[in-house]
Structures are given as structure tokens and as C-alpha cells.
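The first residue in the sequence is number 1, and the count goes up from there. Every number for a ligand or one of its atoms is a count from 1 in the order of the listing. Computed from a predicted model, the values in this text were never measured in an experiment.
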Amino acid sequence: MTRSDGATTPDDHVIVLFGALGDLSRRKLLPGLFHLDRAGLMPERYRIIGTSRKGGSVEDFRKVAQTAIGKAATGEVWDRFSSRLAFSAFNADDPKPLVEAVAEAEKDLDEPRRLHYLSVPPGAFGATVKALGDAGLDTRARVVLEKPFGVDLDTAVELNGLVHSVFPEHRVFRIDHFLGREAVQNLLALRFANGMFEPIWNRDHIDHVQIDVPETLSIEDRAGFYEGTGAYRDMVVTHLFHVLGFVAMEPPTALDGRSIIEESGKVFRSMRPIDPASVIRGQYAGYRDAEGVDPNSQTETFIAMRAEIDNWRWTGVPFFLRTGKSMGESKRLITIAFREPPRKMFRDVKAFVEDYGPDHISFDFGDPGGITTSFLAKVPGPRMRLGQAQMKFSYEGSFNTAGLEAYERLLYDAMLGDRTLFTDSDGIEDLWAASSALLEDPPPLHRYAPGSYGPQKMHELIAPRRWWLPVT
Ligand SMILES: NC(=O)C1=CN([C@@H]2O[C@H](COP(=O)(O)OP(=O)(O)OC[C@H]3O[C@@H](n4cnc5c(N)ncnc54)[C@H](OP(=O)(O)O)[C@@H]3O)[C@@H](O)[C@H]2O)C=CC1
Ligand SMILES: O=C1O[C@H](COP(=O)(O)O)[C@@H](O)[C@H](O)[C@H]1O
């Protein structure tokens, strides 16, 4: 059914939330489902079954959900939402309780769709998917898989094989919540809905691209997960490369899953194998003292690297990627820096690239995000002097409406069966393939101070250019 504002109401659903008591479920999924309900974007009839290996009562699950949602969980909307919640034990070697809970939830619904959201550690994906198949819970079903999807090419291929033995690819939704962000999707609008950007979006005009995601957050209490993962697997393969796919893709033939995935897939296939010599790995001082971390840990909490896309649009244009924990600020920034034009006529005028950097467009893809174009302009006065000027777009300034939070958007799309903002098996395998040399032979670690922007070495990687953050 399509609403008057163009939004489609998903078919009736039973949503099974595996790992429903875990961190992601509490912080994002339960609040996200509630907000979708409040926004009228949930199916007319639906149930949410939370699962835990330990089992538990629906009353306790409702309390978990209410606390997770916070102040908004009151009144009629909460009563309606909480009445849709159910709870079941689930263990991969004993799916029977869940089969019964699903049958109970489906009693009043007419063969609803099933959405299985695996918010469990990646090591549990395979056994859970297999159990779904064995228990017959794969019928009428789609599956959402959290990240990271494998830890290298071999494990990704193996996991894809296992997943495909139960679910065909079009019913698999590998989530990358960065793609659910308004500002990342806006890249497509900006590039392809306007006449002014796309003609210059290539190696003839662009000097380099930066995708920079520093985080002030440390690993907090996630040592168990992070020690075996590190910044490259946690953030680069999973998020930053997918954002790069949106920056670099050719115009898709349509705004649908098939076309977008096809184009980002071509970008991943054109990526040169990551050269370990073009990677700076860092670890913040104090990381090894955290509980659960090996005192000699070689896990990187920071990475800065150069990626290259070997195709007609991008060859010769470096893509500099950087992300890390315990850094000086939290920011999510894409910067497209343009080549320096001939400026002979301005030769007596001070203030050029050395002072401000080249003209560039920055996409802040945080919340709420925005776009800033920075360029040189004449400083008012009797003489020609150049200074840096900016034009800014903000969502609140232009549109009087807030978008959906990334997980909300992706949950909604998964219910509609729209894979546009999800990643596919080939793409993920190509990215792991391009990562093989780096994973086999990672460069040495450099120490950096918490609160800084990473080890000094990162400046050598990008020289003679510079990192745009911190803004000085
Ligand atoms: N937390 C975050 O911010 C983000 C998380 N993710 C991904 O989302 C998924 C869930 O993350 P998060 O909630 O932090 O993880 P948690 O460590 O909180 O685990 C979630 C739940 O999974 C269940 N679980 C733990 N180990 C196993 C196991 N071996 N087999 C089956 N179930 C298990 C536990 O539930 P119980 O004991 O009740 O069975 C646990 O509460 C992961 O894949 C993670 O990589 C992605 C992006 C961000
Ligand atoms: O997937 C992950 O993402 C978060 C960053 O996401 P954001 O929405 O807070 O920008 C990161 O902190 C975490 O380590 C990683 O697992």
C-alpha cells in the first residue's frame, strides 16, 4: 500500500530479533522499530519476537525495550508497540521454542513475511542461518546480517556459501548502517540529479578524495570484539569502502537495488589491491592496558590509507581513508578536492592552495550532516586579495523535516525488500580480495596519543597534500 506522501506500507511481518538483549538491539534496533511505528511506517499487522540463548519472559523484554526507547515509550503508541512484542529462547541446536513462538505470532496474521535480524556476533551468523533453514523458518523470509561479514576472503566466501544454501541472494540483506545515512544517500542526489557536479566528477578535475571518520570513542567495553577485528575490518571494509562506492560509482541506470549494487560493485572490482606500503596502522597509548586486550596486542585502533580505483574516471586520483578510536574529535567527512587551476592572472595576489588548500566540497555525513563548498573569493576592498569563502547546505536550513535514522531507514527498506542500500556477496568478496595483501602482511604499528589525530606518520602518507581535519 502506498501512502499519500509516497511512502509504502510494508506487508504484514513477523520480525525475529536475534540477540535482542544485546548492545545494538538496545541502542538502535528496538528504538528504531518503535520510531518507525510512531511514524506510521511499520506494517499494519506485525509482531517482534526477541530471542536470547538464555530464554526469558516477554514482560522482561518489554522492560528492556521501554528502557532502550526512553522517554518516548509512554501512552498509546507505546501500548500498541509493546503489545506486538514477544520473546523466545533460541539456540542454534534447538530452534523448537522459536518455531513455536513464530507459529503463535503468525496465528492472527495471514502468512506474513518473516524478517530475521541477526544482531549477534559474526561468529554466530553461520549456525543461526543454518538453523533457520533446518527449522523451516526460511520460508517467506528475508535475513538481515550484521557486520563484519567474514574476516577475509576465505571466510566471506565460506559464509556466503552457507547463507546461499538457505537464502537466495535477493533475500539476504547485509547491513552497512553508513549507507542508511541521509547524507550518504544525498551523494547520489547531488551527483546525479544536478547538472553542475557530474561533469567535473572525474580525474580531469579532482585532485584527491578523503573519507575521514575519526572517533573520540575508545573501544569502551568491546575488547572481546575489537581485539580480533581492528580498525580495518571494523570500519574500512565495512563502512568506508561502501561510502567510497557511492562517491566513485558511475551513474546507475535506476535508483534500485540492482542498478546501485551493480555500479558500486564495478568500483570495488576496479580497486587496486591495497598496498601495505600505502597504509599507516596506529594504536592509541593505553589500549594494551584495557581488560581483555593482549599486552602485546598488534591490533590497530587507527588506520590511514591510500586506495586507488583503476578505471577511466578515477585512475591517478588517490582516495585517502582514515579512521580510528580515541581521536581528537568525532566526525564523518568526505572531501572532494579539486585540481588547482592556472592562476597566472592572480600571481601578485597572496592566498592560494598553500594557505587554504584547493577548492573543495565537503560532505559531513554525521547527524544531521550537511555539505560545504569551499573556494577562493575576492576579499572586499580596493585591491584584489583572495580569501577562503564557503557556501553551506544544511538539512534543517533547506528542508523542514528530519529524515529517518540510519538503522530505521535500513529496517524499513529490508521490510520492503529493497536492497538498494545493502551490500551483496560479490561486492564484499571483491573488497576482501583487494585486502588480501594487507591482511597477510600488515605494516608495523605506530603509537598515538589519545585525543590526537593519529600517529605523525599519517602526514607522510598524504604529503604534499594534507588532512582536512582538524580544521585549523
Ligand atoms: N554494538 C554496535 O554498536 C554495533 C554492532 N554491530 C554488529 O551487530 C551485532 C551485534 O552487536 P552487539 O549487540 O554489540 O553484540 P553483543 O555482544 O551485545 O551481542 C548481542 C547478543 O548476541 C548474543 N550472543 C553472544 N554470543 C553469541 C553466540 N556465540 N552465539 C549466539 N548468540 C550470541 C547475546 O545474547 P544472549 O546471550 O541473550 O543470547 C548478546 O546479547 C554484531 O555482529 C556486531 O558486529 C554493528 C555495528 C555497531
Ligand atoms: O560499525 C561500527 O560503527 C561505529 C560507528 O558508527 P556511528 O554510527 O557511531 O558513526 C563504530 O564506533 C564501531 O566501532 C563499529 O563497529
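- Using modelled atom types, one finds no donor on one side chain facing an acceptor on the other under 3.5 Å when comparing Tyr448 with Gln456.
- Of all atoms in ligand 2, listed by their number and element, those nearer than 4.0 Å to a heavy atom of Lys147 are 1 (O), 2 (C), 15 (C), 16 (O).
- Residue contacts with ligand 2 for Tyr226 are absent, since no atom lies close enough (heavy atoms, distance under 4.0 Å).
- Nearest residue to atom 12 (O) of ligand 2 from Arg233, Arg181, Glu215 is Glu215 (criterion: closest heavy atom).
- A salt bridge links Arg419 with Glu169; the closest basic N to acidic carboxylate O contact falls under 4.0 Å.
- For ligand 2, the atoms lying closer than 4.0 Å to a non-hydrogen atom of Phe178 are 6 (O), 10 (O).
- Taking the charged nitrogens against the carboxylate oxygens, Asp364 and Lys331 do have a contact shorter than 4.0 Å, which makes a salt bridge.
- Aromatic ring centres of Phe268 and Phe241 lie farther apart than the 6.0 Å criterion allows.
- Atom numbering of ligand 2 starts at 1 in the shown order; those under 4.0 Å from a heavy atom of Arg222 are 13 (C), 14 (O), 16 (O).
- Listed by number with element, the atoms of ligand 2 under 4.0 angstrom from any heavy atom of His239 are 1 (O), 2 (C), 3 (O).
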Need the list: ligand 1 N/O atoms against protein N/O atoms, distance under 3.5 Å, rounded to one decimal.
{"residue": "ligand 1", "atom": "1 (N)", "partner": "Asp23", "partner atom": "OD2", "Å": "2.6"}
{"residue": "ligand 1", "atom": "3 (O)", "partner": "Arg27", "partner atom": "NH2", "Å": "2.4"}
{"residue": "ligand 1", "atom": "13 (O)", "partner": "Asp23", "partner atom": "N", "Å": "3.1"}
{"residue": "ligand 1", "atom": "13 (O)", "partner": "Leu24", "partner atom": "N", "Å": "2.8"}
{"residue": "ligand 1", "atom": "18 (O)", "partner": "Asp23", "partner atom": "N", "Å": "3.1"}
{"residue": "ligand 1", "atom": "24 (N)", "partner": "Arg53", "partner atom": "NH2", "Å": "3.4"}
{"residue": "ligand 1", "atom": "37 (O)", "partner": "Arg53", "partner atom": "NH2", "Å": "2.9"}
{"residue": "ligand 1", "atom": "37 (O)", "partner": "Lys54", "partner atom": "NZ", "Å": "2.7"}
{"residue": "ligand 1", "atom": "38 (O)", "partner": "Ser52", "partner atom": "OG", "Å": "2.7"}
{"residue": "ligand 1", "atom": "39 (O)", "partner": "Arg53", "partner atom": "N", "Å": "2.7"}
{"residue": "ligand 1", "atom": "39 (O)", "partner": "Arg53", "partner atom": "NE", "Å": "2.9"}
{"residue": "ligand 1", "atom": "43 (O)", "partner": "Val120", "partner atom": "O", "Å": "2.8"}
{"residue": "ligand 1", "atom": "43 (O)", "partner": "Lys147", "partner atom": "O", "Å": "3.2"}
{"residue": "ligand 1", "atom": "45 (O)", "partner": "Lys147", "partner atom": "O", "Å": "2.6"}

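- When side chains are defined from C-beta on, Met458 does not count as touching Ile462, because their heavy atoms never get closer than 4.5 Å.
- Taking 4.0 Å as the cut-off between side-chain N and carboxylate O, Asp367 and Arg181 count as a salt-bridged pair.
- A cation-pi contact links Arg466 to Trp468, judged by a cut-off of 6.0 Å to the six-membered ring centre and 45° from its axis.
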Scan the side chains in residues 123-131 for donor-acceptor partners under 3.5 Å anywhere in the protein, sequence neighbours excluded, and list what turns up.
{"residue": "Thr128", "atom": "OG1", "partner": "Ala124", "partner atom": "O", "Å": "2.6"}
{"residue": "Lys130", "atom": "NZ", "partner": "Asp134", "partner atom": "OD2", "Å": "3.0"}

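- Residue Asp234 approaches ligand 2 through these ligand atoms, each under 4.0 Å from one of its heavy atoms: 13 (C), 14 (O), 15 (C), 16 (O).
- In this structure, OG1 on Thr323 lies 11.0 Å from CD1 on Ile211, to the nearest 0.5 angstrom.
- For atom 6 (O) of ligand 2, the closest non-hydrogen atom of the protein is His177 NE2, 3.1 Å.
- Residues Arg114 and Leu132 form no side-chain contact, since every pair of their non-hydrogen atoms from C-beta on lies 4.5 Å or further apart.
- Near Lys325, meaning under 4.0 Å from any of its heavy atoms, are these atoms of ligand 2: 11 (C), 12 (O), 13 (C), 14 (O).
- The pair Lys96-Glu100 meets the salt-bridge criterion, since a charged nitrogen lies less than 4.0 angstrom from a carboxylate oxygen.
- Residue Arg332 has at least one heavy-atom neighbour below 4.0 Å for each of these atoms of ligand 2: 7 (P), 9 (O), 10 (O).
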